[in-house]
Number of protein chains: 2
Amino acid sequence: MATTIQDIARVAKVSRSAVSVSLGSHNGRSGTRVSESTRLRIKEIAQNLGYQPNVMAKGLAGGRTSTIGILWSLSGPHPSVEMAHNISLKSHRHGYVTQLVNHMSDQAVTIKSLREFKRRGVDGVVIQDINCVLEKPEIVDLLNEFPAALVVGSSVWKAPVDLIHHDRLAACKEVADHFAAAGRRRPVIMGSSMANNEKVRAFMERASMNSMSVGPDSLIEVQYLSHNQTVKACQWTLKERYGKDKAIDFDALFCMSDEGAMASIDWLRKRGVRVPQDVAVIGFNDNEIDDCMDPPLASVERNDDQVADVIDEILFTRLIHPELPPQRRYVSMRFVWRESAGRRRDTG
Amino acid sequence: MATTIQDIARVAKVSRSAVSVSLGSHNGRSGTRVSESTRLRIKEIAQNLGYQPNVMAKGLAGGRTSTIGILWSLSGPHPSVEMAHNISLKSHRHGYVTQLVNHMSDQAVTIKSLREFKRRGVDGVVIQDINCVLEKPEIVDLLNEFPAALVVGSSVWKAPVDLIHHDRLAACKEVADHFAAAGRRRPVIMGSSMANNEKVRAFMERASMNSMSVGPDSLIEVQYLSHNQTVKACQWTLKERYGKDKAIDFDALFCMSDEGAMASIDWLRKRGVRVPQDVAVIGFNDNEIDDCMDPPLASVERNDDQVADVIDEILFTRLIHPELPPQRRYVSMRFVWRESAGRRRDTG
DNA sequence: CTGAAAGCGCTTACAG
DNA sequence: CTGAAAGCGCTTACAG
């Protein structure tokens with residue numbers, strides 16, 4: 001069927017190993033060398049025959065497979081899926097193929113998946129981690145078995161691994177600071193505390209530092225039903241909490257997604273509550289349509305593109321340079337002001 | 001390192017082939033058989049040793065790799081990425097891993113990718129096709145080399161392949177019908193005609209049949225800059241066309257994405273044009289936040305979940321039953337009325 | 001009913 | 001500087 005190394009060897013009248021060495025990227029590593037002239041000749045023949053190596057054979061024999069495994073938590077609104085897709089895209093440019101697995105931030109799933117990646121000859125893995133839940137010795141050891149492994153974490157790992165610290169807490173503090181500057185007194189934060197534990201705490205602490213009134217009631221817990229149900233879940237939650245004409249007891253609302261923010265604004269409007277006059281609202285993820293809302297929706301920009309660029313850089317550098325020391329980078333999310341957040345008092 | 005078939009053979013005191021046959025799914029196909037009792041014993045030993053087959057070795061030796069290749073056109077707003085992700089999810093439930101490649105509806109890329117899937121031992125491929133651009137003999141032949149191959153097309157292929165006809169034209173006609181019933185006279189359709197050629201034509205034809213006024217000017221062509229730039233591109237296009245106080249010469253607007261529709265509504269509002277009184281607007285993809293808009297945004301529901309279910313069914317049935325005749329299914333998108341589309345005259 | 005052998009297409013020690 | 005050989009972990013004809 002397809003051209004093999006054998007075919008090329010036959011045509012070039014050399015041994016299969018000569019072909020392997022000439023075409024491989026391991027130039028000059030093995031004891032086997034080939035003269036420059038025959039190597040060129042072999043390369044040309046391979047080209048003419050349309051040779052493409054069999055990936056499974058390569059992997060089985062200990063070579064690389066040009067495969068990247070992505071271990072991500074794919075839940076909630078789109079950004080995580082888009083992020084994974086973004087990594088895929090960049091990998092393709094390097095001639096790599098990706099395999100995406102949803103690890104659900106679960107240790108057992110992660111371990112199982114890493115083992116599977118191993119059996120599939122994956123060269124490099126990119127793994128998302130929220131709040132260091134995956135920093136376990138067993139996982140660290142598994143990661144180190146791959147030619148390249150990169151953690152994209154919401155916090156920093158102690159273990160010596162390549163890591164991008166994708167900080168979301170700084171932005172949460174910015175949001176709290178803004179609410180304070182806008183003269184708000186009783187902020188609430190809305191979302192699933194399971195997934196946003198750290199964000200909730202950072203926001204509350206900062207709000208408290210700013211002398212705003214916060215307590216256990218400042219969290220509006222949303223139980224997500226499933227994907228694409230954010231709007232329903234948020235509106236249902238608000239109705240449960242403020243249904244029987246209970247007064248709206250907050251003047252600032254920080255939602256863990258733009259969809260949730262839009263759903264809340266819609267619900268508030270129908271209750272006759274004005275945004276931002278009565279309640280300032282800020283979402284999360286900085287969806288491109290935030291600007292089209294009335295009022296425009298303030299949000300938190302994730303800087304996912306920047307993270308993807310850094311992933312690209314670290315991962316494919318590591319694949320070539322195993323000797324480099326562990327890499328560390330920092331990318332922060334940032335608060336984006338728009339009208340729904342209300343104006344700062346000091347700027348009028 | 002990991003347990004191999006060899007290890008199991010040693011413990012069970014049988015040959016490697018006995019182990020292979022006992023654990024493989026090809027039960028009873030090869031000439032090699034094993035007595036029920038030893039097969040059970042072998043299975044138990046494998047279990048205890050935590051045996052997991054090496055996927056590359058399996059593939060290289062002619063076995064299955066539990067891998068699905070997805071060939072999709074990943075452009076524009078999210079739905080295609082989500083669809084691909086959805087297929088991934090379902091595949092995982094069957095113990096399959098997926099590889100996603102963006103074929104950009106391009107023949108050369110498709111051929112190259114299918115060959116690569118072959119070299120990687122992919123078992124099944126799911127491929128998206130818009131308007132039969134990929135129905136070429138070479139591609140059909142390549143598809144047939146896989147144990148399973150499924151086309152998800154906007155139209156029907158003549159070639160005998162498993163196919164899901166995901167119809168978008170019926171919905172476009174529903175939209176045209178609705179505009180007519182709502183008393184609109186001068187509809188326009190907005191988006192990239194490259195990607196939406198068929199939709200534009202179906203809409204125009206139907207509009208014309210309904211005695212609305214349409215012509216070449218009824219298409220507002222949008223050049224997309226890149227991902228997540230739909231809002232900018234749409235608003236820029238509108239400004240170019242209606243910038244110098246040129247009157248809005250349409251009373252109904254059908255956008256190829258909800259984001260585009262929201263951007264347009266925003267732009268129209270700022271021009272003092274009322275939706276739906278002056279202009280009725282309908283989007284595409286039925287985003288969950290459409291309901292939160294003011295007015296709520298009418299749209300076209302893709303029924304992607306249903307498509308994913310059918311993919312799941314056809315693909316994994318085919319993997320088990322190569323003898324079945326080619327499968328055909330039909331899934332249609334559908335128009336979803338909301339206030340932005342304006343009310344029908346006959347219903348008040 | 002079972003086992004020894006060949007082979008899938010590569011890579012990489014190891015001899016010449 | 002080059003080639004013949006072993007081996008990666010499986011599957012599947014083929015003998016017994």
Side-chain angles (χ1 to χ4, degrees), chain A residues 1-10 12-42 46 49-67 115-116 118-123 147, chain B residues 1-10 12-42 46 49-67 115-116 118-123 147:
Chain A
M1 277 288 11
T3 310
T4 73
I5 231 170
Q6 178 81 270
D7 302 327
I8 300 173
R10 198 152 32 218
K13 302 213 183 297
V14 297
S15 70
R16 287 179 295 153
S17 32
V19 177
S20 175
V21 170
S22 300
L23 301 176
S25 42
H26 294 247
N27 321 346
R29 207 173 84 209
S30 135
T32 308
R33 311 251 163 122
V34 178
S35 69
E36 195 57 20
S37 63
T38 64
R39 123 166 316 186
L40 253 47
R41 195 164 58 86
I42 289 173
L49 263 45
Y51 172 72
Q52 297 282 64
N54 179 303
V55 180
M56 295 176 287
K58 246 182 124 168
L60 186 58
R64 296 276 178 91
T65 59
S66 298
T67 308
R115 294 232 174 86
E116 168 135 31
K118 214 58 197 129
R119 281 182 286 128
R120 287 175 175 271
V122 162
D123 297 327
Chain B
M1 277 286 15
T3 310
T4 73
I5 230 171
Q6 177 80 272
D7 302 327
I8 300 173
R10 199 153 31 218
K13 303 212 183 298
V14 296
S15 71
R16 287 177 295 151
S17 33
V19 177
S20 176
V21 170
S22 301
L23 300 177
S25 42
H26 295 245
N27 321 344
R29 208 175 78 209
S30 134
T32 309
R33 310 253 161 119
V34 178
S35 70
E36 195 58 20
S37 64
T38 64
R39 122 165 318 184
L40 254 49
R41 194 166 57 85
I42 289 173
L49 263 44
Y51 172 72
Q52 298 282 64
N54 179 302
V55 181
M56 295 176 287
K58 244 180 127 167
L60 186 58
R64 296 277 178 91
T65 59
S66 298
T67 308
R115 294 232 174 86
E116 168 134 30
K118 216 55 197 132
R119 281 181 285 128
R120 286 175 175 272
V122 161
D123 297 327

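In what follows, every chain begins at residue 1, and chains take the letters A, B, ... in the order their sequences are listed. Owing to the predicted nature of the structure, the values given are computational and were not obtained by experimental measurement.
- A:Arg119 places its CZ atom 16 Å from the C1' atom of D:dC8, with the value rounded to the nearest Å.
- In this structure, CZ of B:Arg120 is placed 15 Å from C1' of C:dG9, rounded to the nearest angstrom.
- Summarising the geometry, the separation between CG on A:Asn54 and C1' on C:dG7 is reported as 13 Å, rounded to the nearest angstrom.
- Among C:dT11, D:dG9, D:dG3, the nucleotide with an atom closest to any side-chain atom of B:Ala57 is D:dG9.
- In this structure, C:dA13 makes no Watson-Crick or G-U wobble pair, since no nucleotide meets both defining distances under 3.5 angstrom.
- Nucleotides of DNA chain D nearest to B:Val19 and A:Ser15 differ in position, and the one nearer the 5' end is that of A:Ser15.
- Distances from the side chain of B:Ala61 to the nucleotides D:dG9, C:dG3, C:dT11 place D:dG9 closest.
- Residue B:Pro53 places its side chain closer to D:dC10 than to any other of D:dC10, D:dG3, C:dC10.
- Rounded to an integer number of Å, the gap from CD1 of B:Ile5 to P of C:dA4 is 15 Å.
- Using a distance-only test at 3.5 Å, with no hydrogens or angles considered, no donor-acceptor pair links the side chain of B:Arg64 to the main chain of B:Asp123.
- Here D:dG3 is the nucleotide among D:dG9, C:dC10, D:dG3 with the atom lying nearest to any side-chain atom of A:Val14.
- Between A:Lys58 atom NZ and D:dC10 atom C1' there is a gap of 20 Å when expressed in whole angstrom units.
- Here the closest non-hydrogen pair linking B:Arg119 and A:Asn54 is O-OD1, 3.7 Å.
- Residues A:Pro147 and A:Val122 approach most closely at CD-O, 4.5 Å, considering heavy atoms.
- Here the side chain of A:Thr3 pairs a donor or acceptor atom with the backbone of A:Leu49 at under 3.5 angstrom.
- For the pair B:Arg16 CZ and D:dG9 C1', the computed distance is 8 Å after rounding to whole Å.
- When atom types are taken as modelled, the side chain of A:Thr65 and the backbone of A:Gly121 share a donor-acceptor pair closer than 3.5 angstrom.
- Note: CD1 (B:Ile42) to P (D:dC10) measures 14 Å, nearest angstrom.
- Nucleotides of DNA chain C nearest to B:Leu60 and B:Lys13 differ in position, and the one nearer the 5' end is that of B:Lys13.
- In this structure D:dA4 sits in no base pair that meets the Watson-Crick or G-U test at under 3.5 Å.
- If you measure from atom CZ of A:Arg10 to atom P of D:dA4, you get 14 Å, rounded to the nearest angstrom.
- Of the candidate nucleotides C:dT12, C:dA5, D:dA5, C:dA5 has the atom nearest to the side chain of B:Ser17.
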